[in-house]
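Below you'll find the structure, written out as structure tokens, and then a few comments.
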Amino acid sequence: MTETMGRRERKKAATRRALADAALRLFLEHGYDNVGIKDVAEAADVSTTTLFKHFPSKEALVFDRDADVEAALVAAVRDRPAGTSVPAALREHVLRRKFMTPDRATADFTRLIDGHQALRDYSHRMWMRHETALARAIAEDAGRPEDDAACAALAHFALESSALARNRSDPREVVERAFDLLEGGWPSALGASPPGD
């Protein structure tokens, strides 16, 4: 039974990957507005019904790694090196995001997103939906209740730093300045003296 479930899950993952790959290829080649759901399903050799079992909307086809993104954010807090503050770990995580130093594929992907308001909005919603999981990881690390306001604020502003940096001439500088503010305020939020006091 376990082997059967494993095979079924692998097949679902392969179908999902084929759909996402086909969608991205078609969107980049023909433009997002010129490609329909049916085109993507045909390119992946599945029915539109199957497509909607894996992706709830056309926008979702572009963002297929949501669970991996959330797991990496939580790991940035939980698995950070000893002596590294939570804001410092999140700063490094955001600075490692591909849009900060894009290769050609990332630059093409970013142009696709930036060229469509619906994709920009969806991308931001997808990124910010990790706020709750990140806030819980921060609260757990700080020994605070999971709905702690300071932990929620740090999660929110750490994630928003990424949106603030998009399409800036020096996104790295924007992220650095945002995290300088967060790093300076975090000790006081925990009831400790800020660095340098």
Side-chain angles (χ1 to χ4, degrees), residues 1-79 89-90 92-137 155 158-167 171 175:
M1 182 68 173
T2 304
E3 187 179 327
T4 304
M5 287 300 290
R7 189 173 26 237
R8 186 177 301 135
E9 292 306 311
R10 285 194 304 272
K11 186 174 180 183
K12 281 172 63 177
T15 300
R16 183 177 172 81
R17 178 83 253 141
L19 283 162
D21 289 348
L24 185 57
R25 180 178 51 77
L26 290 171
F27 294 157
L28 290 173
E29 286 175 7
H30 304 288
Y32 180 76
D33 294 326
N34 299 322
V35 176
I37 292 291
K38 187 175 179 185
D39 300 319
V40 175
E42 285 176 3
D45 197 27
V46 299
S47 68
T48 54
T49 303
T50 298
L51 183 148
F52 281 119
K53 285 180 183 174
H54 293 275
F55 296 96
S57 67
K58 183 178 173 182
E59 294 91 351
L61 284 159
V62 181
F63 305 97
D64 64 315
R65 304 269 167 111
D66 196 43
D68 296 340
V69 170
E70 186 166 293
L73 277 164
V74 169
V77 172
R78 291 187 178 150
D79 303 337
L90 290 171
E92 287 308 308
H93 182 77
V94 170
L95 289 172
R96 283 194 307 269
R97 291 191 74 203
K98 284 189 172 187
F99 85 88
M100 297 297 290
T101 52
D103 54 21
R104 183 175 175 195
T106 303
D108 290 345
F109 181 79
T110 301
R111 270 193 300 280
L112 173 67
I113 304 306
D114 291 343
H116 298 84
Q117 186 65 48
L119 290 177
R120 284 195 305 274
D121 292 346
Y122 191 87
S123 174
H124 186 255
R125 284 195 311 274
M126 291 297 287
W127 177 241
M128 293 307 294
R129 67 186 261 167
H130 304 304
E131 185 177 338
T132 301
L134 181 57
R136 282 186 187 137
L159 292 175
E160 280 290 3
S161 72
S162 197
L164 186 64
R166 281 185 73 99
N167 300 317
V175 170

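It should be emphasised that the depicted structure is a prediction, and the values quoted were computed from it without experimental measurement.
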If you compare all heavy atoms of [X] against all heavy atoms of [Y], which two are closest, and at what distance to 0.1 Å?
X    : Y    : result
H54  : K12  : CE1-O, 3.4 Å
E131 : A155 : O-CB, 3.7 Å
L61  : L19  : CD2-O, 4.2 Å
R17  : D21  : NH2-OD1, 2.7 Å
A23  : V40  : CB-CG1, 3.8 Å
A137 : V77  : O-CG1, 3.8 Å

Counting C-beta onward and ignoring hydrogens, is there a side-chain heavy-atom pair between E160 and M128 closer than 4.5 Å?
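Sidechains of M128 and E160: in contact.
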State, yes or no, whether a side-chain contact exists between W127 and L73 at a heavy-atom distance under 4.5 Å.
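Yes - at least one pair of side-chain heavy atoms lies under 4.5 Å apart.
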Has S161 got a side-chain atom pairing as donor or acceptor with A158's backbone, closer than 3.5 angstrom?
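Yes: the side chain of S161 pairs with the backbone of A158.
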Any sub-3.5 Å donor-acceptor pair from D39's side-chain atoms to V35's backbone N or O?
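Not a single qualifying donor-acceptor pair exists.
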As an exercise, state the distance from [atom1] of [X] to [atom2] of [Y], rounded to the nearest 0.5 Å.
X    : Y    : atom1 : atom2 : result
S47  : E42  : OG    : CD    : 11.0 Å
L159 : H93  : CG    : NE2   : 8.5 Å
E70  : T132 : CD    : OG1   : 8.5 Å

Take Y122 and K58 through the test side chain to side chain contact (heavy atoms under 4.5 Å, CB included) and record every step on the way to the result.
CA-CA 10 Å; Y122 191 87; K58 183 178 173 182; over 6 Å; no
With side chain to side chain contact (heavy atoms under 4.5 Å, CB included) as the test, would you mind laying out the steps for F55 and I37 before giving the verdict?
CA-CA 10 Å; F55 296 96; I37 292 291; over 6 Å; no
Residues F63, L119; criterion side chain to side chain contact (heavy atoms under 4.5 Å, CB included); working and verdict:
CA-CA 9 Å; F63 305 97; L119 290 177; 4.3 Å; yes
Please say whether more than 12 non-hydrogen atoms of neighbouring residues, nucleotides or ligands are located less than 6.0 Å from CG in D121.
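Yes, the 6.0 Å shell around CG holds more than 12 heavy atoms from other groups.
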